[in-house]
Amino acid sequence: MTSLPLPAHHPALSAADPELAALVGAEERLQADTLRLIPSENYVSRAVLEASGTVLQNKYSEGYAGRRYYEGQQNIDQVELLAVRRAKALFGVDHANVQPYSGSPANLAVHLAFAQPGDTVMGMALPMGGHLTHGWGVSATGTWFRGVQYGVRRDTGLVDFDEVRELALKERPKILFCGGTALPRTIDFAAFAEIAREAGAVLVADVAHIAGLIAGGAHPSPVPHADVVSTTTHKTLRGPRGAMLMCREEHARAVDKAVFPGLQGGPHNQTTAAIAVALREAAQPSFRDYAHQVVANARALAEELLARGFDLVSGGTDNHLILMDLTPKDVPGKVAAKALDRAGIVVNYNTVPYDPRKPFDPSGIRIGTPSLTSRGLGTQAMAAVADWIDRGVTAARTGDEAALAVIRAEVAELMSAHPAPGIPT
Ligand SMILES: Cc1ncc(COP(=O)(O)O)c(C=O)c1O
């Protein structure tokens, strides 16, 4: 039995399962007290949390609105239609499927919809910033399908479209993925669309990381260019853990069939409801401000880091994310990430393009500004953030635990002045 305090605002949970309730309370404190810089994370609102904890989760609803395999869908159909309507309006798409359980199943569904096992699919290589589910070897998408990969240029850290075109015309993939998980620069959807057209591939824009920036007008939209848009809902979009597939009408049937019955069973209705709430929030003017502030903060943080001698992949950022190569600082990414964690700064270690080190012990760390922006931090706070990272990385190299403890106290003080959305104080 843990000795952690029980969270008073979860009375039923605390009474029924104090051990678990205490862990939830501890996680709330951790998320409140630390500077969370993992670019794929965020703080959802209380409204999103409430929606995802409703009795909607008690209901089975295999199928789609009006075409279910279970009765009693009077309310669930309305919930799903609301989420679909809001997704279509927010992103300006013909069709939206809000049922994928998460980003990885969404991308597997895309494979089911547009390729046969053994067919070639093309995406950015994982160590270059792509995602596992774009045909990378250890993923089902790279073992059941034949994945071919493009990267970024060694000198610029940017995609070389001549190389992508050459590879696509040689390999003739059924699906071309653009987007990824460690990409600090704007994605040129039009350039990818032209190549996909020439190669006869379906273009899938995986905008999991930047969906909130797109919704808020802080990154160009893939919708005019991509056949299918895949996204998670829990990163910059600030919704529950889930995903959506959006597409032109011509692909709607294939996408829907692939999600259900192709890959999944009953949708997680409580998540669908929370997605609907997040989409409503993302349609408000304040969310546009949020999205632009995320980018302004990332740019300011990148400038501050460059001024402190950090090596940033591609030289900076256009979005919410910064990928740092710590080789010149003489600290492996994992050592730095673990030291920063002890200093109350949560990042993840990450490979950098052409990384000579192994994925589990790479050269870089990946940081981003979605969470700190949700707590109301602005560009004026980025010098302090860069300073903590700088001091933390130095302390990681020298093994200075006392310095890390000092940073942790400073971080906690700033965080206490900026309450985390969704977490009772
Ligand atoms: C670009 C991209 N696609 C897909 C995913 C997979 O999402 P999930 O972790 O929800 O399966 C991620 C997650 O990091 C991602 O960054």
Side-chain angles (χ1 to χ4, degrees), residues 36-42 44 48 52 97-113 121-136 138-142 145 147 149-152 159 175-187 189 192 203-215 219 222 226 228-246 255 258-259 263-264 267-268 271-272 274-275 278 294 313 317 319-323 346-351 359 364-371:
R36 300 171 67 232
L37 292 180
I38 294 177
S40 49
E41 293 182 352
N42 215 327
V44 299
V48 168
S52 59
N97 186 311
V98 296
Q99 292 194 5
Y101 297 144
S102 216
S104 303
N107 285 344
L108 189 53
V110 165
H111 286 75
L112 274 183
V121 299
M122 183 167 154
M124 182 180 265
L126 180 67
M128 295 283 178
H131 194 258
L132 278 169
T133 55
H134 300 179
W136 188 248
V138 297
S139 150
T141 63
F145 301 86
Q149 257 83 39
Y150 58 90
V152 294
V159 171
I175 304 170
L176 173 60
F177 280 93
C178 61
T181 190
L183 306 180
R185 293 296 182 179
T186 300
I187 301 170
F189 297 117
F192 277 108
L203 179 65
V204 179
D206 182 346
V207 299
H209 263 261
I210 54 174
L213 305 185
I214 293 165
H219 188 289
V228 178
V229 176
S230 171
T231 187
T232 57
T233 45
H234 47 270
K235 299 186 173 89
T236 50
L237 194 55
R238 234 165 41 177
R241 305 200 80 81
M244 305 191 294
L245 287 171
M246 300 178 280
V255 164
V259 173
L263 191 63
Q264 299 187 168
H268 294 180
T271 300
T272 307
I275 289 174
V294 166
V313 171
T317 182
N319 54 31
H320 64 302
L321 182 150
I322 296 167
L323 187 57
V346 189
V347 307
N348 69 277
Y349 55 87
N350 215 97
T351 51
I365 58 174
R366 190 183 68 146
I367 63 175
T369 52
S371 296

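Note that the coordinates shown come from a computational prediction; the quantities given were computed from them, not determined experimentally. Read the numbers this way: they start at 1 and go in the same order the structure lists the ligands and their atoms.
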- Item | For I214, the option from V207, T236, T231, I187 that meets side-chain contact (heavy atoms from CB on, under 4.5 Å) | V207

- Note on the structure: Nearest heavy-atom approach of S139 to L132 is CB-O, 3.2 Å

- Query: Is the closest side-chain donor-acceptor distance between H134 and D206 under 3.5 Å?
  - Reply: yes

- Straight-line distance of M246 CE to N97 CG, nearest 0.5 Å: 10.5 Å

- Classify the ring geometry between H320 and H209 as parallel (under 30°), tilted (30 to 60°) or perpendicular (over 60°). tilted

- Query: Parallel, tilted or perpendicular: which fits the ring planes of F192 and Y150, with parallel below 30° and perpendicular above 60°?
  - Reply: tilted

- Residues in the immediate environment of ligand 1 (any heavy atom closer than 4.0 angstrom): S102, G103, S104, N107, H131, G180, T181, D206, A208, H209, T232, H234, K235

